[in-house]
J.: 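Quick one: the structure is below, and I'll ask about it shortly.
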There are 2 protein chains.
Amino acid sequence: MNRTISPTSEACTNRLTSIGDALYVIGGKWKLRVIVALLEGSKRFNEIQRSIDGISARVLSSELKELELNGFVTRIVHTGTPIVVEYQITEYADTLSGVLNSLSSWGAMHRDKLRRER
Amino acid sequence: MNRTISPTSEACTNRLTSIGDALYVIGGKWKLRVIVALLEGSKRFNEIQRSIDGISARVLSSELKELELNGFVTRIVHTGTPIVVEYQITEYADTLSGVLNSLSSWGAMHRDKLRRER
DNA sequence: CGGTATCCCACAGGATACTG
DNA sequence: CAGTATCCTGTGGGATACCG
């Protein structure tokens, strides 16, 4: 590697594209929240909806489909009476624990800071 | 604390609101990218725009204003000829390093996984 | 260079109603 | 319960032009 060329700029570009890649799949208002809700344990559609404040059925439905497509969530249909549909996070979703932890602890810290300020 | 009540559910709710709080200020398509671009060092408006692929002047301008309002970025005007405006991240923005690191390393990991799969 | 002003539209996502 | 269908609005954000 040529050390006369600043590695900082390259590292920055890499971070930029990596963060872009991450946001592409887990960005948006709801994806991470759905995952967090399911980390607590498998849940059914309405249970998830009740866990997440403000999400509509239509949006939750589409978010779950995308999460399933990207391998974060498994949809399990228990045939029987009544039919029960259960959503479960996959092992792959566990790879997000670092992101989730840093995000939630930063969020808590930030909220406290705002409260102290005003 | 009453141990007969599951702490898991409460912890989940806390994470949910903390992540909500975090996304409220650093969510969206561009905020984190602008911060990452400036972590490399202070930059001027057009330099930032060139660093971040796809961002328009109008959007960059409004993102910078919000970031300034939230204490992540400082705007420094060097009067002179020509006038030079420089954007610099604040110390507070450094508190995001954990989020940034986990997000970028997860993004890189995920991208590699996708490449291996197809 | 460092923006602002305008215009515009695609789309995320809210509300409500309805179905198997 | 587990969604789908419909409708609709807000707004994020692109394109272009212009200004000090």
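Chain naming here is simple, since letters A, B, ... match the order of the sequence lines and numbering starts at 1 in each. Note that this is a predicted model, so its numbers are computed, not measured.
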J.: Side-chain donor-acceptor contacts of residues 69-80 of chain B below 3.5 Å, not counting sequence neighbours, with atom names and distances?
T.:
from, atom 1, to, atom 2, distance (Å)
B:Asn70, ND2, B:Glu66, O, 3.2
B:His78, NE2, B:Glu86, OE1, 2.4

J.: Restricting to nitrogen or oxygen on both sides, can you table the protein-nucleotides 14-18 of chain C pairs closer than 3.5 Å?
T.:
from, atom 1, to, atom 2, distance (Å)
C:dG14, OP1, A:Lys29, NZ, 3.2
C:dG14, N7, A:Arg58, NH2, 3.4
C:dG14, O6, A:Arg58, NE, 2.7
C:dG14, O6, A:Arg58, NH2, 3.1
C:dA15, N6, A:Arg58, NE, 3.4

J.: Have a look at the helix from C:dC1-D:dG20 to C:dG20-D:dC1 and give the angle its two end axes make, five pairs each, rounded to 10 degrees.
T.: 40°

J.: Taking B:Leu38 as the fixed residue, which of B:Thr90, B:Ile89, B:Leu67 is the one that meets the side chain to side chain contact (heavy atoms under 4.5 Å, CB included) rule?
T.: B:Ile89

J.: Is the closest side-chain heavy-atom distance between B:Val34 and B:Lys31 below 4.5 Å?
T.: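 B:Val34 vs B:Lys31: side chains apart.
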
J.: Using a cut-off of 6.0 Å, state whether more than 12 heavy atoms not belonging to B:Asp53 lie near its atom CG.
T.: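 Not more than 12 within 6.0 Å, no.
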
J.: Heavy-atom distance under 4.5 Å between the side chains of B:Leu39 and A:Cys12, does that happen here?
T.: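 Not in contact.
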
J.: B:Tyr87 has an atom OH; how far is it from atom P of C:dG2, in whole Å?
T.: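 It is 9 Å, rounded to the nearest whole Å.
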
J.: Going 5' to 3' on DNA chain D, which nucleotide is the first and which the last to come under 4.0 Å of a heavy atom in chain B?
T.: D:dG13 to D:dA15

J.: Take atom CG of B:Leu67 and atom P of C:dG3, then tell me their distance rounded to the nearest Å.
T.: 13 Å

J.: Using only atom types and a distance under 3.5 Å, with no angle test, would you say the side chain of A:Glu47 pairs donor to acceptor with the backbone of A:Arg44?
T.: yes

J.: Name all pairs fulfilling the side-chain hydrogen bond (donor to acceptor under 3.5 Å, both in side chains) condition that reach into residues 105-114 of chain B, sequence neighbours left out, sorted by first residue then second.
T.: A:Ser18-B:Arg111, A:Asp21-B:Arg111, A:Tyr92-B:His110, A:Thr95-B:Trp106, B:Asp112-B:Arg115, B:Lys113-B:Glu117

J.: Looking at A:Lys31, I'd like to know whether one of its side-chain N or O atoms comes within less than 4.0 Å of OP1 or OP2 on C:dA12.
T.: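 For C:dA12, OP1/OP2 do not have a side-chain N/O of A:Lys31 under 4.0 Å.
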
J.: Taking only heavy atoms on the protein side, list every residue of residues 43-53 of chain B lying under 4.0 Å from any atom of DNA chain C, sorted numerically.
T.: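 When residues 43-53 of chain B is checked for heavy atoms under 4.0 Å from DNA chain C, the hits, listed by number, are B:Arg44, B:Phe45, B:Asn46.
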
